[in-house]
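What follows is a single structure, written as structure tokens, with notes after it.
In what follows, chains carry the letters A, B, and so on, assigned in the order in which the sequence lines appear, proteins first and then strands, with residues in each chain numbered from 1. For the numbers below, each heavy atom of this structure counts, side chains included, while hydrogens, waters and symmetry mates do not.
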Amino acid sequence: MDKITVAEARRVEAVGRQVRLRGWVRTRRDSKGGFSFIELNDGSCQGNVQVVAPGELGNYETEVKHLHTGASVVIDGEVKASPAKGQATEVLASRVERVGDADAESYPLQKKGHTFEFLRTIAHLRPRTNTFGAIARLRNQVSKSIHDFFQEQGFLYVHTPIVTASDCEGGGALFRVTTIDPDSPPKVDGKVDYTKDFFHKPAYLTVSGQLQVEAFACSMGKVYTFGPTFRAENSNTPRHLAEFWMVEPEMAFFDLTDDMDLAEAFLKRIIRDALTHCAEDMKFFAERVDKEVFARLENVLNNPFRRVPYTEAVDILLKAGKTWEFPVAWGNDLQSEHERYLTEQHFKCPVILYDYPRTLKPFYMRVNDDGKTVRAMDVLVPGVGEIIGGSQREERLDILEERMREQGLHPEGYAWYLDLRRYGTVPHAGFGLGLERTILFLSGMANIRDVIPFPRTPGSAEF
RNA sequence: UCCGCGAUAGCUCAAUGGUAGAGCAGCCGGCUGUUAACCGGCGGGUUGUAGGUUCGAGUCCUACUCGCGGAGCCA
């Protein structure tokens, strides 16, 4: 008697084996011929295994015929080739143990489909559905691909801090971390005295591990960080979360071209792995979620990413003969409508835009010789828009300080970061990829709240 | 944060300002190596909240709450 998964039991090689299966009932169909069919799922794969429960079972009338959707069971039996259409194998049960019943009157999941909006209100039960099981497995695969890709290339995984005491990229997008009693905060000169706080200064949840991971790139060479990231922006859209996962590689002695090469290879690896290792789930997405998903992924996989300077992109947009909701002009940031036009209609393939105006990008991006642009790059893909943002970093101390002042930042607050340029500075580059947006792209799911187990958005931190 | 749409049974949705319904799910029965099974019966409602207009409001008006879509910000 081997304990096996539903995924194993569904394979024809399992025929003839005596096995034990553990899982949850998806549906039950009774036959007056004196037996029942139980669709069993244990999360190991998209499909269920059909269990045939004969009427001779001692608990057939008392328990088996009353197994509801959602009940947990242990099944002992023999895997057999299925005589009927719909599945290659089935399990003839010699024992069915009901472990935990699920009251049919109150259990919210039904055999039939539910809207994603409704499932969001029962986020603790939705992994028991086809779609969210598939998402969970895909998320796992993408996480594994991220580690595999970088580890195989000799990258070092660095754990950057979740709590940061430096107010990195400016103002209001940060969650404050404090142990101060909000009802009676210590005060000095009428303002809250953060020197009395846990860290003796204001502290926040990280918005990016980039600055810290640069420190390790400038000593270990090729490194990456992969973890949760927090934004307190009041964005209520299908593409934003207050808590999300981001992978950020950072490489010493890399220029912007090296950075683009890596980003392109990385994205293609993630897609290839998903198609190879999540084939059944990807097929489910193509059939039930987004019919275009394979075409879109093949397009990205099989085309070189078109690399276009920002200045050229602006020219293309100006000559497109279209009326834009937001004006196109050199120095203006590109809007969603512009990015989508470039990747979906003009080039019809993935596009990497680079060399953006210095006024549009953060202080740490390297200034080009023209003095007007910086070595920034954004990867745009059809169907989603921007999926990766990166840059070659400014390694020259004097220019970096100048850029900080230009953007109203105080170099004194970044002493440790400036030390990386003061002592043994090197050209280096990196990028960031949002995990959830990648899952949206891969699955064709429409709402980012449905590709993370427990979404956190403005006004919502349930579960 | 701005603009738009919505909220009715457990779920998905109907209902000219005039007695709140259907399908699915559930329960009971029937039938069947079934496949989102099928057939019959039964139970199920403070129509998001608070006001207002009206003889009469699920329906019209106001505010609020929540959800969704678009935009901004961004990953």
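- Between the side chain of A:Glu90 and the base of B:G33, at least one donor-acceptor pair of N or O atoms lies under 3.5 Å.
- The shortest distance between the side-chain N/O atoms of A:Arg26 and the OP1/OP2 oxygens of B:U35 is not below 4.0 Å.
- Using a 4.5 Å heavy-atom threshold, the side chains of A:Phe285 and A:Lys291 count as separate.
- Comparing B:A75, B:G69, B:G33 by their nearest atom to the side chain of A:Pro238 picks out B:G69.
- The interatomic distance linking A:Arg120 (CZ) with B:A7 (P) rounds to 18 Å, in whole Å.
- Taking the charged nitrogens against the carboxylate oxygens, A:Arg10 and A:Glu280 do have a contact shorter than 4.0 Å, which makes a salt bridge.
- Residue A:Glu243 is out of contact with every strand shown, counting any heavy-atom pair closer than 4.0 Å.
- A 4.5 Å side-chain heavy-atom check between A:Phe37 and A:Asp30 finds every atom pair outside the cut-off.
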Shorter than 3.5 Å, N or O on both sides, protein versus nucleotides 11-15 of chain B: list them out with atom names.
from  : atom 1 : to       : atom 2 : distance (Å)
B:U12 : OP1    : A:Thr115 : OG1    : 2.9

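- Using a 4.0 Å heavy-atom cutoff across all strands shown, A:Arg449 reaches sugar-phosphate atoms only and no base atom.
- Residue A:Ser336 has a polar side-chain atom (N or O) positioned under 4.0 Å from OP1 or OP2 of B:G72.
- Outside the 6.0 Å centre-distance limit, the rings of A:Tyr204 and A:Phe230 are not counted as a close aromatic pair.
- Side-chain N/O atoms of A:Gln335 include one lying less than 4.0 angstrom from OP1 or OP2 on B:C73.
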All N/O pairs under 3.5 Å across the protein-nucleotides 38-49 of chain B interface:
none

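- No hydrogens or angles considered: a donor-acceptor pair under 3.5 Å links the side chains of A:Ser391 and A:Arg393.
- With distances taken from any side-chain atom of A:Val52 to the nucleotides B:A75, B:G33, B:A71, the minimum falls on B:G33.
- In summary, A:Arg403 and A:Glu406 engage in a salt bridge, as defined by a charged side-chain N under 4.0 Å from a carboxylate O.
- Between A:Arg437 and B:A75 there is no side-chain N or O to OP1 or OP2 distance below 4.0 Å.
- For A:Asn447, counting side-chain heavy atoms from C-beta on, the closest listed nucleotide (B:C68, B:G70, B:U35) is B:C68.
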